Amino acid sequence: MLNPQAPTPMSIARRFLQAAVLLVATAVLSGCNLLVLNPPGDIAARQGQLIVVATVLMLIVIVPVIALTLLFAWRYRASNREATYKPDWDHSTQLELVIWGVPLLIIIALGAITWISTHLLDPFRPLDRISAGRPVPADVKPLEIQVVALDWKWLFVYPEEGVATVNEVAVPVDRPVHFSITSSSVMNTFYVPALAGMIYGMPGMKSELNAVINAPGVYDGFSANYSGAGFSHMRFKFHGLSDADYQHWLNDVRTSQLSLTRAAYLELEKPSEREPVRHFARVDNGLFDAVLNRCVDTDRLCANAMMAIDSTGGLGLEGLKPLATPRRGDPRLGAYVSAAVCTVNDAVPQSLAGPVIGMKAP
């Protein structure tokens with residue numbers, strides 16, 4: 001005998017929908033600021049809009065499917081003797097057109113939006129606007145910042161200003177910024193949700209990001225790619241400042257007594273956790289290029305020099321003899337080719353002399 005008090009599928013569905021509506025209303029009325037969907041950076045904002053558009057397009061299929069599933073489960077339940085019963089029905093042209101046509105149109109729309117956005121939001125592409133309706137002035141030059149992901153901290157070098165910082169970066173509001181990104185040991189991701197999407201940094205390779213922040217504030221930045229024991233504390237503060245405040249910040253950095261020499265970098269790159277903010281008033285010239293080519297230690301042969309040698313035929317088995325064990329910096333980086341392979345005293349065949357001589361780390 002059926003219990004008349006037992007909940008029916010329709011009552012269960014009604015309660016589920018009520019709970020869902022209540023949760024959505026609570027989120028909206030609570031004034032929550034979803035940074036990824038409401039960021040102060042133009043690139044991040046356009047990426048957030050892309051997420052919303054893609055989600056809405058997919059909901060065109062998802063919402064009707066969920067609604068029809070609940071409707072069919074209720075209407076064609078075993079106890080409903082009034083429902084239409086057609087055991088021999090097997091085809092409907094109209095249904096086939098809807099079932100295949102709507103998803104196809106959605107896929108075409110998503111493909112077109114993705115293709116256009118992939119080019120417009122290419123991180124290597126220089127910015128053509130500061131925000132909607134505000135093109136980049138012709139006389140404005142992007143601020144250059146070089147980013148190195150270390151274990152487990154972040155190094156930011158301002159080559160035009162000759163300064164560097166650890167776990168802190170500041171930029172002027174409404175000024176385009178060009179980031180050059182690499183890593184010292186393992187792959188990492190540079191991610192400031194308020195600024196733009198995550199960009200990977202890899203040893204021996206350079207990634208780029210062009211972005212702009214449109215509102216002053218202090219925002220969180222972090223690595224979004226697991227890189228070892230100290231990964232969870234590999235965070236930094238990103239400051240969006242007015243022009244005057246940015247100059248004040250630069251002047252404060254220049255008062256530091258620290259200098260980022262090659263020797264200082266080799267100590268800095270050793271694994272450490274929970275590093276405090278540090279400022280360097282001076283930076284050795286060419287440091288980022290040396291990091292990129294993995295030859296901050298002048299005993300190492302630079303990667304670009306090694307590739308130049310390989311492009312001329314390489315050193316054959318003789319190339320194994322200069323392998324050396326690191327004496328400075330991060331010992332986990334392993335053996336390397338000694339820079340001594342490229343000194344002017346080497347007896348180099350004439351065919352190799354041009355690209356080889358003088359390639360020791362500067």
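Note that the numbering runs from 1 along the sequence shown for the chain. Quantities reported herein were computed from a predicted structural model and do not represent experimental measurements.
In this structure, the side chain of T182 engages the main chain of M205 through a donor-acceptor pair within 3.5 Å. The closest donor-acceptor contact from the side chain of R175 to the backbone of K141 lies under 3.5 Å. Not a single donor-acceptor pair under 3.5 Å links the side chain of N293 to the backbone N or O of C295. With hydrogens and angles ignored, the 3.5 Å screen pairs no side-chain donor or acceptor of T165 with any backbone N or O of R278. For T189 (side chain) and N225 (main-chain N/O), a donor-acceptor pair under 3.5 Å exists by modelled atom type. One N or O on the side chain of Q47 and one on the backbone of G197 form a donor-acceptor pair closer than 3.5 Å. Listed for the R254 side chain is no donor-acceptor partner under 3.5 Å among the backbone atoms of V163. In this structure, the side chain of S207 engages the main chain of Y200 through a donor-acceptor pair within 3.5 Å. Side-chain atoms of D284 come within 3.5 Å of backbone atoms of R262 as a donor-acceptor pair (strictly under, hydrogens ignored). At least one donor-acceptor pair under 3.5 Å links the side chain of S256 to the backbone N or O of L258.
Within the 4.5 Å cutoff, side-chain heavy atoms of L35 are placed close to those of P40. For the pair D42/I130, no side-chain contact is recorded, criterion being any heavy-atom separation below 4.5 Å from C-beta on. Looking at heavy atoms from C-beta onward, L143 lies in side-chain contact with E160 at the 4.5 angstrom threshold. Looking at heavy atoms from C-beta onward, V148 lies out of side-chain contact with L287 at the 4.5 angstrom threshold. Between L127 and P142 the shortest side-chain heavy-atom distance does not fall below 4.5 Å. Side-chain contact between I107 and L110 is absent, with no heavy atoms from C-beta onward closer than 4.5 Å. When side chains are defined from C-beta on, S180 counts as touching F288, because their heavy atoms get closer than 4.5 Å. Within the 4.5 Å cutoff, side-chain heavy atoms of R46 are placed close to those of R129.
Here the shortest heavy-atom pairing between S223 and F231 reads O-CE1, 3.2 Å. When every heavy atom of F124 is checked against every heavy atom of K206, the shortest pair comes out as CZ-O, 4.3 Å. Across H119 and R125, no two heavy atoms sit closer than the pair O-NH1, 3.2 Å. In terms of heavy atoms, N188 sits closest to A149 at CB-CB, 3.7 Å. Residues L59 and P64 share a closest heavy-atom pair of O-CD, 3.6 Å.
Applying the salt bridge (charged side-chain N to carboxylate O under 4.0 Å, His left out) test to residues at least two apart or on different chains, the pairs with a partner in residues 213-240 are D220-K237.
Cluster membership for I43 and L195, using ILVMFWY side-chain heavy atoms within less than 4.5 angstrom, is not shared. V173 and V136 fall into different hydrophobic clusters, defined by Ile, Leu, Val, Met, Phe, Trp and Tyr side-chain heavy atoms under 4.5 Å apart, directly or through other members. V102 and W100 fall into different hydrophobic clusters, where Ile, Leu, Val, Met, Phe, Trp and Tyr are joined by side-chain heavy atoms under 4.5 Å apart, directly or via other members. Using a 4.5 Å cut-off between side-chain heavy atoms of Ile, Leu, Val, Met, Phe, Trp and Tyr, with links allowed through other members, I62 and I106 fall into the same hydrophobic cluster.
Counting heavy atoms of neighbouring residues, nucleotides and ligands inside a 6.0 Å radius, atom CG of N251 exceeds 12 of them.
A salt bridge links D174 to R134: at least one charged side-chain nitrogen sits closer than 4.0 Å to a carboxylate oxygen.
Under the 3.5 Å distance criterion, with hydrogens and angles disregarded, a donor-acceptor pair is assigned to the side chains of S272 and E275. Side chain to side chain, S131 and N214 fail the donor-acceptor criterion of an N or O pair below 3.5 Å.
Take N80 and apply the side-chain contact (heavy atoms from CB on, under 4.5 Å) test, not counting sequence neighbours, and it matches R75, R77, E82, A83.
In this structure, F236 and W154 have perpendicular ring planes: the angle between them is above 60°, well past the 30° mark. Relative ring orientation between F156 and F190 is described as perpendicular, the plane-to-plane angle rising above 60° on a 0-90° scale split at 30° and 60°. Ring geometry for Y246 against Y158 counts as tilted: the plane angle lies between 30° and 60°, on a 0 to 90° scale.
Expressed to the nearest 0.5 Å, how far CG of L250 lies from CD of E161 amounts to 5.0 Å. Here L50 contributes atom CG and T118 contributes atom OG1; the two are 8.0 Å apart, rounded to the nearest 0.5 Å.
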